[in-house]
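Quick note on labels: first sequence line is chain A, next is B, and so on, each numbered from 1. All figures in this text were calculated on a predicted structure; none of them were measured in a lab.
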Amino acid sequence: MSDLHDEVLRWYAAAARDLPWRRADATPWGVYVSEIMLQQTPVSRVEPVWHDWMHRWPTPADLAAESPGEAVRAWDRLGYPRRALRLHAAAVAITEQHNGVVPESFDQLLVLPGVGTYTAAAVSAFAFGIRVPVVDTNIRRVHARLVGGVAQAAASLTAAERDLAAELLPEDPSEAATWNVAVMELGALVCTARAPRCGACPVADRCAWQLAGAPAYDGPARRGQKWAGTDRQVRGRLLRTIREADGPVERPALDVVWHDQTQRERALSSLVEDGLVEPLPGDRFALPR
DNA sequence: CAGACGTGGTA
DNA sequence: TTACCAAGTCT
């Protein structure tokens with residue numbers, strides 16, 4: 001084991017958070033659910049919802065037996081609710097095509113709805129200990145600083161970044177699995193985007209970015225996501241109203257959430273199109289059955 | 001490949 | 001208060 005691996009793994013053993021989906025008693029399904037929920041969503045908001053889901057649907061078959069609408073309701077306010085729909089669809093696929101057992105391989109995971117390259121690698125590595133490089137935003141940032149000597153990773157994932165992640169992965173499978181989660185944790189706790197705690201970093205002495213004097217990011221400004229006035233905001237309001245209602249919602253209850261009728265109708269139609277909302281007779285709307 | 005897609009905490 | 005940020009995926 002190289003010094004780099006040794007330092008990071010030692011740090012992880014001492015500093016890792018005690019997250020429920022990382023505990024020894026976490027099931028592959030629990031890991032899977034956590035990875036979907038954690039997409040673009042902070043740990044603190046995921047934790048309570050994850051516990052609810054694990055209690056209610058401890059296996060893929062349990063979720064598959066429910067209606068997709070119940071998954072959307074239980075998703076609560078985690079955001080990007082299509083993830084709930086895809087998680088439900090994945091539970092159905094796992095139940096029908098894999099005998100209810102979460103598949104282990106990257107390729108089998110990748111074809112499940114809502115699973116991209118990051119999640120396929122993460123589930124394969126974290127739930128099954130398979131030696132596969134995981135590349136998420138934390139790991140990309142750590143690599144950009146530690147090896148690249150720059151403050152931020154590129155705007156989009158490059159082939160060079162994939163190659164680097166593969167090169168840095170320890171040979172030993174068990175060590176490799178821990179390495180992935182350790183680098184991710186380092187990025188989440190120490191090598192953070194805004195105010196990195198380099199004084200607490202186990203590899204600051206060999207960090208290319210530190211050695212270069214921690215230069216500020218000098219590339220083009222990244223466009224922030226718009227929110228106010230967008231269809232996303234309207235969709236959020238509409239779905240929240242429907243999600244929090246006991247039964248089907250009448251049209252007037254939706255009319256009041258947004259003033260612009262054209263945009264309101266467009267947003268509602270897109271929710272129906274996505275399968276997040278089901279139109280019912282009598283101009284009523286509900287979560288999908 | 002750039003843009004769409006939620007939500008809420010923090011500086 | 002505006003703007004950025006949080007374990008991405010899909011088209």
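A:Leu19 comes within contact range of at least one nucleobase, with a heavy-atom separation under 4.0 Å. Counting non-hydrogen atoms under 4.0 angstrom, A:Ile36 reaches nothing in the nucleic acid. Residue A:Gly79 is in base contact, counting any heavy-atom pair closer than 4.0 Å across all strands shown. In this structure, A:Thr230 reaches neither bases nor backbone, as no heavy-atom distance under 4.0 Å exists between it and the strands shown. Here A:Gln225 lies in heavy-atom contact (under 4.0 Å) with a base. Contact annotation for A:Trp75: no contact, since no heavy-atom pair falls under 4.0 Å across all strands. Heavy atoms of A:Arg141 sit under 4.0 angstrom from primed sugar atoms or phosphate atoms, though from no base atom.
For the atom pair CH2 of A:Trp179 and CG of A:Leu168, the computed distance is 6.0 Å after rounding to the nearest 0.5 Å. Residue A:Glu185 holds its CD atom at 8.5 Å from CG of A:Asn138, rounded to the nearest 0.5 Å. A:Trp75 CH2 to A:Ile36 CD1: the interatomic distance, rounded to the nearest 0.5 Å, is 7.0 Å. Atoms OH and CG, on A:Tyr118 and A:Asp136 in that order, are 5.5 Å from each other to the nearest 0.5 Å. Note that CD of A:Glu171 and CZ of A:Arg131 are 4.5 Å apart. Values are rounded to the nearest 0.5 Å. For the atom pair CG of A:Leu254 and CG of A:Asp283, the computed distance is 9.0 Å after rounding to the nearest 0.5 Å.
In summary, the side chains of A:Thr119 and A:Gln39 do present a donor paired with an acceptor at a separation below 3.5 Å, with no hydrogens or angles considered. Between the side chains of A:Arg83 and A:Gln40, not a single donor N or O lies within less than 3.5 Å of an accepting N or O. Remark: the A:Ser270 side chain and the A:Arg235 side chain contain an N/O donor-acceptor pair separated by less than 3.5 Å.
If you chain together hydrophobic residues whose side chains sit under 4.5 Å apart, A:Val92 and A:Tyr32 never meet in one group.
Rounded to whole Å, the distance from OH on A:Tyr32 to P on C:dG8 is 15 Å. Atom CZ of A:Arg266 and atom P of B:dA4 are 11 Å apart (whole Å). If you measure from atom CZ of A:Arg232 to atom P of C:dC10, you get 17 Å, rounded to the nearest angstrom. Here C:dC10 presents its P atom at 13 Å from CG of A:Leu87, a figure rounded to the nearest Å. Residue A:Arg86 contributes atom CZ, which lies 13 Å from atom C1' of B:dG6 at whole-angstrom precision. We find that CG of A:Asp136 is positioned 14 Å from C1' of C:dC5, with the value rounded to whole Å. Spacing between atom CD of A:Glu35 and atom P of C:dA7 amounts to 11 Å, rounded to whole angstrom units. Nucleotide C:dT11 holds its C1' atom 13 Å from the CD atom of A:Glu273, rounded to whole Å.
Rounded to the nearest Å, the gap between the P atom of C:dC4 and that of B:dA4 is 16 Å. Of the C1' atoms belonging to B:dC5 and C:dA6, the separation is 15 Å, rounded to the nearest Å. Between the C1' atoms of C:dA7 and B:dA2, the separation comes to 22 Å (whole Å).
The environment of CG in A:Asp205 is crowded: more than 12 heavy-atom neighbours from other residues, nucleotides or ligands sit within 6.0 Å. Taking a 6.0 Å sphere around CG of A:Asp246, one finds it holds 12 or fewer heavy atoms contributed by other residues, nucleotides or ligands. Annotation for A:Arg23: atom CZ does not count as buried by contact number, only 12 or fewer foreign heavy atoms lying within 6.0 Å.
Each of A:Leu112 and A:Trp21 has a nearest nucleotide on DNA chain C; the 5'-most of these lies closest to A:Trp21.
At a non-hydrogen distance threshold of 4.0 Å, A:Gln40, A:Thr41, A:Arg45 from residues 39-52 of chain A come into contact with DNA chain B. Annotation: proximity of residues 235-245 of chain A to DNA chain B (heavy atom, distance under 4.0 Å) is found for A:Arg235, A:Gly236, A:Arg243, numbered in ascending order. Near DNA chain C, defined here as any heavy-atom distance below 4.0 Å, the residues from residues 176-197 of chain A are A:Met184, A:Ala193, A:Arg194, listed numerically.
Distances shown here put every side-chain N or O of A:Ser156 at or beyond 4.0 Å from the OP1 or OP2 atom of B:dA2.
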